[in-house]
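Here is the structure we will look at, set down as structure tokens.
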Amino acid sequence: MAFAPSIADAGSNLLAARNQMGFTLGFHIVLACFGVAFPAMMLIAEWRGRKRDDEAALRLARNWSKAVAVLIAVGAVSGTVLSFEFGLLWPRFTGRFGDVFGVGFAIEGIFFFLEAIFIAIYIYGWDRLSPRAHMWAAVPIVISGVGGAFSVVAVNSWMNQPQGFTLDSAGNVTDVKPLEVLFNPAAGYEFFHMLLAAYMVTGFLIASVYAVGMLRGRRDRYHRLGFIIPFTVAAIATPIQLFVGDTAARAIADDQPAKFAAMECIYKGGPDQTEYVGGICTDGKVRGGIGIPGLDSFLVGFSKNTDVTGLNQIPENDQPPAKSMLHLSFDTMVGIATLLALLAAWFAIAWWRKRDLPQTKWFLRAAALAGVGAVVALECGWIVTEVGRQPWIVNGYMRTTDAVTPAQGIWWVFGLTMALYTTLGVITVLVLRGLSRRWRKGGGDGAVPYGPPAEEGSGASP
């Protein structure tokens with residue numbers, strides 16, 4: 001399901017299907033993060049504005065609500081394409097297991113419709129609802145984002161650790177237990193890992209926009225709040241994410257040993273395993289990188305004597321491909337998360353001491369890069385999750401090679417899908433930039449639903 005191509009796949013449907021699914025998933029996951037976390041930051045801005053009678057915070061929430069609507073709309077398009085890809089690219093998978101994982105997507109659809117309904121109420125209710133009612137209208141948007149994320153992640157985690165069904169003698173699914181499917185052993189750590197990632201990506205990306213504005217001299221209260229609110233949320237999520245990620249890696253070592261061995265380049269199982277930072281996994285060894293003796297075993301079982309499964313204990317045809325990609329993706333994800341935690345600590349120390357941002361341009365420069373870094377870490381995390389499950393589409397039950405469509409023309413479909421997503425991406429950027437310029441110039445948005453124009457010379461931007 002993910003993009004883990006090999007030379008042997010060249011020209012095959014499998015390569016085209018993997019690349020298409022990987023490309024569209026990598027595009028959509030960023031928009032999904034905004035759908036999950038942006039409404040919460042919008043609500044925080046409005047709550048602050050109402051509580052402190054802060055016009056800048058209210059204007060920020062009003063402007064952010066339009067950006068949320070744009071991103072949810074584009075995410076709906078990219079997500080719809082993804083749902084069609086399941087049937088188009090992997091018909092044998094959906095044909096056999098659709099009754100099992102379909103419940104998760106059905107629940108996600110309900111949450112999406114609720115989110116769309118209440119974002120419309122929120123935007124059009126700015127000057128038509130009471131302040132209290134308007135703030136309450138945002139709460140279902142936040143809840144729907146979290147609920148939708150759980151539903152989708154539950155499906156993915158079930159593919160990693162399937163349960164809650166029975167296969168009869170003919171290989172047909174029977175006796176589906178929806179609760180066991182949704183609450184499979186991997187669902188807990190995958191969901192919280194993804195939820196925190198959504199808040200990190202959204203928070204750091206939004207803050208990076210305002211960091212660039214502040215570097216260009218826009219130091220008014222509007223820009224400061226536009227930076228502080230999302231950056232604070234992301235800064236709180238980051239150290240928690242490191243803990244959850246460590247817990248997830250330990251669970252993977254126990255429940256998906258092939259994935260763990262590949263992403264850590266463990267070729268020979270046993271105790272006292274060396275942790276390699278960087279390097280290339282090839283020819284049964286790690287070339288380059290920094291080796292820390294015993295650390296891998298310690299991280300798995302808090303002891304250097306902990307036995308860790310190696311690739312030599314796993315049949316070759318059950319091992320994940322692209323081991324170097326897995327290892328480097330995992331190291332990149334952890335490395336960026338560590339740097340973001342240090343940036344969050346820098347911010348926290350400065351705020352604790354002076355109740356203000358760090359007074360150096362280097363902090364704002366680092367914050368401006370943090371958004372891109374968070375996206376890169378997110379994509380690397382999904383590479384680890386998806387490529388690490390290969391060669392299985394449903395771990396232990398169906399191989400990816402057995403699930404791919406035999407239909408012709410998949411490469412053409414991949415090309416058309418790339419064109420569609422590229423167009424969507426360009427349109428999204430242009431629309432958001434257009435809104436940004438309008439707000440920055442203080443252009444009036446009219447009355448309801450957009451409210452009164454910003455004051456001339458306010459320098460407001462998204």
Side-chain angles (χ1 to χ4, degrees), residues 1-5 9 12-29 32 75-113 148-184 186-187 190 194 382 385-414 416-417 420-421:
M1 237 181 102
F3 44 101
D9 293 328
S12 70
N13 279 0
L14 183 60
L15 178 60
R18 279 175 164 171
N19 277 276
Q20 181 173 334
M21 202 73 188
F23 173 77
T24 51
L25 179 61
F27 182 99
H28 177 73
I29 194 63
V77 176
S78 63
T80 300
V81 173
L82 268 172
S83 64
F84 280 113
E85 285 178 346
F86 274 96
L88 175 67
L89 303 177
W90 318 102
R92 295 162 181 167
F93 165 58
T94 55
R96 174 173 292 185
F97 294 104
D99 289 345
V100 184
F101 68 81
V103 63
F105 285 126
I107 295 172
E108 192 273 338
I110 295 172
F111 279 121
F112 171 76
F113 282 119
F150 173 78
S151 303
V152 173
V153 172
V155 173
N156 181 268
S157 60
W158 172 83
M159 294 164 71
N160 288 323
Q161 293 194 51
Q163 66 171 30
F165 66 96
T166 303
L167 290 180
D168 62 19
S169 58
N172 299 315
V173 170
T174 62
D175 192 25
V176 177
K177 299 179 176 65
L179 290 180
E180 289 187 16
V181 172
L182 291 174
F183 296 96
N184 60 80
E190 276 200 32
M194 183 63 227
W382 273 100
T385 298
E386 297 299 285
V387 177
R389 189 179 61 250
Q390 303 302 313
W392 303 98
I393 192 167
V394 180
N395 194 21
Y397 285 91
M398 176 177 279
R399 293 180 182 271
T400 310
T401 52
D402 298 328
V404 71
T405 178
Q408 300 299 309
I410 299 301
W411 282 106
W412 287 103
V413 175
F414 179 31
L416 290 173
T417 304
L420 171 63
Y421 275 60

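Computed from a predicted model, the values in this text were never measured in an experiment. Side chains are part of it too, since the values below use all heavy atoms of this structure and drop only hydrogens, waters and symmetry mates.
Two residues are said to be in side-chain contact when any heavy atoms from C-beta on lie closer than 4.5 Å; V404 and F93 fail this criterion. Two residues are said to be in side-chain contact when any heavy atoms from C-beta on lie closer than 4.5 Å; M194 and I29 meet this criterion. The side-chain heavy atoms of Q390 and T400, taken from C-beta on, include a pair separated by under 4.5 Å.
Ring pair Y421/F27 is perpendicular by interplanar angle, where above 60° counts as perpendicular and below 30° as parallel. Ring planes of Y397 and F97: perpendicular class, angle over 60° (limits at 30 and 60°). F101 and F86 have tilted rings, their planes meeting at an angle from 30° to 60° on a 0 to 90° scale.
Contact between N184 and V181 at its shortest, heavy atoms only, is ND2-O, 2.9 Å. Closest of all the heavy-atom pairs between A17 and I410 is N-CG2, 4.1 Å. Minimum interatomic distance between L82 and L25 (heavy atoms only, all atoms of both residues): CD2-N, 4.0 Å.
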### Query
Are F111 and S151 close enough, and set up right, to give a side-chain contact (heavy atoms from CB on, under 4.5 Å), and what steps lead you there?
CA-CA 9 Å; F111 279 121; S151 303; 3.9 Å; yes
### Message
Run F150 and F183 through ring pair (Phe, Tyr, Trp, His ring centres under 6.0 Å) and show every step you take.
### Response
CA-CA 10 Å; F150 173 78; F183 296 96; 5.4 Å; yes
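A donor-acceptor contact closer than 3.5 angstrom links the side chains of R389 and N160.
Applying the salt bridge (Lys or Arg N to Asp or Glu O under 4.0 Å) test to every pair with at least one member in residues 93-111, sequence neighbours left out, gives no pairs at all.
For the side-chain hydrogen bond (donor to acceptor under 3.5 Å, both in side chains) test, no residue two or more places apart in sequence or in another chain qualifies with D168. Partners of L88 under the side-chain contact (heavy atoms from CB on, under 4.5 Å) rule, at least two apart in sequence or in another chain, are V413.
How far CG of N13 is from OG1 of T401: 12.5 Å, rounded to the nearest 0.5 Å.
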